[in-house]
Amino acid sequence: MKVFPQSFLFGGATSAGQFEGAYDQDGKGLTIMDVMTSGDKDRPRQISWQLPTGERGLSGTGIESPLSIPAKAQLRPFEDYYYPSHAASDFYHHWQKDLNLMADMGFQVYRMSIAWARLFPNGDDPVPNEKGLAFYQKIFEACKERGIEPMVTLSHYDMPLALVNKYGGWKNRKLVAFFENYARTVIRRYQGLVNYYMTFNEINVLENVPYITAGLLEDNLQAKAQAAHHQFLASALTVKLAHELDPSIQVGQMFTYQPTYPLTSDPKDILKIMDWEQKLFFYSDVQVGGAYPSYRWKYYERQGVSLQLEEGDLALLAEYSADFIGFSCYGSNVMTVHEELGQDAGGNMSTSLVNPYLPTNDWGWIMDPYALRIALNTLYHRYHKPLWIVENGLGYLEDLGPDKSLDDAYRIAFLKDQLAAVHDALTLDGVDVRGYTMWGCIDLVSMGTGEMKKRYGFVFVDVDDDGKGTYARYPKASFYWYKDLISKRILQ
Ligand code: BG6
């Protein structure tokens, strides 16, 4: 029997672009997600664009297919394609019901994101859209009434599209000031309602999927290095302005970290993993550690990258590091230099080899009952900062029964394993882990594939991959299991 302390907060997580819908209502501008078509496990999502000549087309997003957008293309949606973010789970019109469901489960924390383009439709607008501000105000007030602490991501894979079409995304330093203005507007407006922020979702995925993280239309290291630097500056400025306004507001770094295991004992496998992990940790080493690590400067030198720095940049990063780390972890990965020995599996924004000791879900993601304990230990002993597991969960193909019930016993079993690992890290290893927000607590659109049928939730949303359905909400068996866990705080 594992008992969680009262101080450990349980809840769930969503993101605006995957959950909110109402993509063009009440003054919201388009986002980079609003031009991504739907796909599935075998059919990658695509981005739609138009050239000045009028020619239009679809290109890879960089997630499951290479990023390939012609120079001079402007990204835009077209009537004849289906874009799942446009309606998503329609939280915009179901928020009361959804927050009631979360409160019913006993959520203590709700991780959600603000759509930057709902407040600043073009990203660079001098004045915010009051209707957008009012929408989130309602949400945060409703959270407060229900005793739920909101944890807000400022940019979760859905930056304003105009910042890509007009400025070329985060490689342009102008975005730092636009983001600072956005962050200041949000933090001031919701002072007293929101105490936890995270700046960029899974910032370290910039390394392999530069479009969704940084609005880059090219996959070259020089642009990615510059974009990362600008996001670091924007994050540090957010920490600065939040602390100046109210020192009790905490601003976290958010990245993805799942442990990677070697397939063989060949030391070359360990070196390969060391190299991979340096690419992952670079982001948190800067944002949490406050300085560019030596291995990154050397890497840039080898690759001929010349980073454009301005006076005061490095001092800013050193002075305003993140208060906590929020991370996503769905399982683990396997790597080897001996590719011929392994078999490809899927993975979250990465690819792995099959682990012969562990099962996978329908998308090939490895389900690992030990990953969270290992990840929590690695991160805590590297950074000594409070940790939050802000994404973890199980995507599954499932449907309602004739009586509208759904017995997701597999999800309950998965979550029991995951939370047992968290409890071990907390009690056996003394890791300072503050809370757990299960990803996609109410069904939402998959980021990787754009599917609705890849379901994560405690609550089923009646809509299919083509946006057809009633959007009604139905609690699954895991809803009642999680409610019981939160009220008793006992994992058995
Ligand atoms: C994380 C993202 O990478 O994984 C989420 O932050 C995403 O936005 C989640 O939804 C699960 O991935 P997927 O592809 O199953 O939606």
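Just the heavy atoms: all of them, side chains too, but no hydrogens, waters or symmetry mates, feed the values below. Counting convention: from 1, in listed order, for ligands and their atoms alike.
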Inset, instruction - In sequence, state the C-alpha distance, the side-chain angles, and the governing distance for Arg411 and Glu398, and then conclude on salt bridge (charged side-chain N to carboxylate O under 4.0 Å, His left out). - result: CA-CA 11 Å; Arg411 180 167 293 107; Glu398 56 195 6; 3.2 Å; yes

Inset, instruction - Taking only heavy atoms of Gly448 into account, list the atoms of ligand 1 that are under 4.0 Å away from them. - result: 13 (P), 14 (O), 16 (O)

Inset, instruction - Using distance alone, decide if ligand 1 has a nitrogen or oxygen within less than 3.5 Å of any nitrogen or oxygen in Thr449. - result: no

Inset, instruction - Measure centre to centre between the rings of Trp49 and Phe78, then say whether the value is under 6.0 Å. - result: no

Inset, instruction - Verify the ring-centre separation between Phe178 and Phe120: is it less than 6.0 angstrom? - result: no

Inset, instruction - Say whether Glu391, considering both its backbone and side-chain N or O atoms, lies within less than 3.5 Å of an N or O atom on ligand 1. - result: yes

Legend entry - Geometric cation-pi criterion, Lys279 with Tyr299: 6.0 Å, 45°: yes

Legend entry - Shortest reach to atom 9 (C) of ligand 1 by a heavy atom, considering only Tyr157, Trp365, Trp363, Tyr330: Tyr330

Inset, instruction - Check whether any heavy atom of Asn201 sits under 4.0 Å from an atom of ligand 1. - result: yes

Inset, instruction - Using a strict cut-off of 4.0 Å, indicate which atoms of ligand 1 neighbour a heavy atom of Ser446. - result: 13 (P), 14 (O), 15 (O), 16 (O)

Inset, instruction - Give the contacting part of Trp439 toward ligand 1: side chain, backbone, both or neither, where contact means a heavy-atom distance below 4.0 Å. - result: side chain

Inset, instruction - Mark the output for Tyr456 as yes if a heavy-atom distance to ligand 1 is under 4.0 Å, and as no if none is. - result: yes

Inset, instruction - May I ask you to check whether Tyr410 and Tyr396 place their ring centers less than 6.0 Å from one another? - result: yes

Inset, instruction - From atom 16 (O) of ligand 1, work out which of Met33, Met447, Glu202 has a heavy atom at the shortest distance. - result: Met447

Inset, instruction - Using a strict cut-off of 4.0 Å, indicate which atoms of ligand 1 neighbour a heavy atom of Lys454. - result: 13 (P), 14 (O), 15 (O)

Inset, instruction - Would you check if there is a donor-acceptor pair between the side chains of Glu20 and His94 at a distance under 3.5 Å? - result: no

Legend entry - Backbone N/O of Arg373 and side chain of Asn377: donor-acceptor pair under 3.5 Å: yes

